Amino acid sequence: MGKRYDQIPDRQRKFIAEQKLFFVATATADSKINVSPKGMDSLRVLSSKRVVWLNLTGSGNETAAHLLENKRITIMFCAFEGAPLILRIYGKAQMYHPKDEEYEQLIDLFPKIAGARQIIDIDVEMVQTSCGTAVPYFDFVNERTQLKKWAEDKGQKEIEEYWIERNTKSIDGKPTGI
């Protein structure tokens, strides 16, 4: 049976830290809803009411565009091994870019990953758990290395050019803040 909390319960912090994959969902009032899988050791629970996530360069930048207009965000974790569980974090997010002081204060929480483009700082409003008994088992084999290698090969200057070319507008034409 599902439960709701106004913060991340201590017993769920370990579950979150063990997850190799999570999903981020955002939308504006008139945009397409974006749900995106994330990984690469890019999420930290700082407290029962605060989560930060390192957003890496990708083919789009929907989350950033949505957060400029609507601070709502949902992060979902699924247990693919062990006891079944789905955990959702609902909150309001603030976005920081490499030029921001807050970004510099938070970046050392994460391993150095080429192509890091924003840090999303989430104020947790509600946490919901549900059974997850229909989620199949999957075995984690390894992290994919293509994105990391692509960003390392490009270098920071070419990454920033890519941001201008591909990451300044959402698929709905909304600005991303890059």
Side-chain angles (χ1 to χ4, degrees), residues 5-10 12-17 19-29 31 33-77 87-127 143 147-148 150-152 154-172 174-178:
Y5 308 91
D6 63 357
Q7 59 187 358
I8 302 169
D10 287 340
Q12 304 302 355
R13 289 178 79 159
K14 182 175 185 287
F15 169 77
I16 292 169
Q19 300 314 297
K20 305 292 188 202
L21 171 69
F22 60 97
F23 300 86
V24 175
T26 57
T28 68
S31 70
I33 298 167
N34 186 64
V35 179
S36 188
K38 305 295 177 186
M40 294 182 68
D41 192 24
S42 61
L43 185 129
R44 298 289 182 270
V45 176
L46 300 186
S47 73
S48 63
K49 296 290 281 181
R50 187 176 180 205
V51 174
V52 291
W53 155 53
L54 182 64
N55 189 16
L56 305 173
T57 299
S59 57
N61 199 4
E62 301 307 297
T63 301
H66 295 169
L67 292 177
L68 286 175
E69 208 171 297
N70 183 336
K71 302 289 185 197
R72 292 180 313 150
I73 191 167
T74 302
I75 297 180
M76 185 183 80
F77 304 88
L87 184 142
R88 291 178 185 89
I89 296 173
Y90 300 92
K92 295 277 193 314
Q94 182 65 41
M95 177 176 46
Y96 305 119
H97 293 90
K99 65 181 185 270
D100 297 325
E101 182 180 325
E102 295 88 347
Y103 183 98
E104 290 302 317
Q105 292 169 356
L106 295 167
I107 191 62
D108 289 337
L109 295 171
F110 303 98
K112 184 171 175 59
I113 303 174
R117 99 185 137 187
Q118 294 118 349
I119 293 177
I120 311 300
D121 192 344
I122 303 161
D123 177 36
V124 176
E125 295 179 331
M126 185 177 80
V127 175
E143 293 279 355
L147 179 64
K148 183 179 177 188
W150 173 84
E152 289 170 350
K154 274 200 169 304
Q156 190 62 31
K157 184 177 184 293
E158 283 189 45
I159 288 287
E160 290 173 9
E161 290 170 1
Y162 181 87
W163 290 346
I164 292 167
E165 178 186 320
R166 301 280 307 267
N167 287 174
T168 59
K169 298 253 187 234
S170 74
I171 57 177
D172 294 307
K174 296 179 179 292
T176 65
I178 283 196

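Please read all numbers here as calculations on a predicted model, not as lab measurements.
Just one of T57, N55, T63 meets the side-chain hydrogen bond (donor to acceptor under 3.5 Å, both in side chains) condition when paired with Q118; it is N55. In summary, of the residues considered (V35, I33, N70, N34), a side chain to side chain contact (heavy atoms under 4.5 Å, CB included) with T26 occurs for N34 alone. The residue from E69, E62, H66 that alone fulfils the side-chain hydrogen bond (donor to acceptor under 3.5 Å, both in side chains) condition with S31 is H66.
Residues passing the ring pair (Phe, Tyr, Trp, His ring centres under 6.0 Å) test with Y103: none are found, sequence neighbours excluded. Residues satisfying the side-chain hydrogen bond (donor to acceptor under 3.5 Å, both in side chains) test with E158, not counting sequence neighbours, are none. For E165, there are no side-chain hydrogen bond (donor to acceptor under 3.5 Å, both in side chains) partners at least two apart in sequence or on another chain. The side-chain hydrogen bond (donor to acceptor under 3.5 Å, both in side chains) search around R13 returns none, not counting sequence neighbours. A search for side chain to side chain contact (heavy atoms under 4.5 Å, CB included) contacts involving K169 returns nothing, not counting sequence neighbours.
Between E143 and K20 there is no salt bridge, since no side-chain nitrogen of the basic residue lies less than 4.0 Å from a carboxylate oxygen of the acidic one.
Ring planes of F15 and F77: perpendicular class, angle over 60° (limits at 30 and 60°).
In this structure a side-chain-to-backbone donor-acceptor pair under 3.5 Å is present from T176 to N167.
With rounding to the nearest 0.5 angstrom, the CD1 atom of I178 is 12.5 Å from the CZ atom of R166.
Taking the side chain as every heavy atom from C-beta outward, K174 and L68 never approach each other to under 4.5 Å.
Sorted by first then second residue, the salt bridge (charged side-chain N to carboxylate O under 4.0 Å, His left out) pairs that include residues 35-45, not counting sequence neighbours, are D41-R44.
Here the closest heavy-atom approach between residue R72 and residue L67 is recorded as O-CD2, 3.8 Å.
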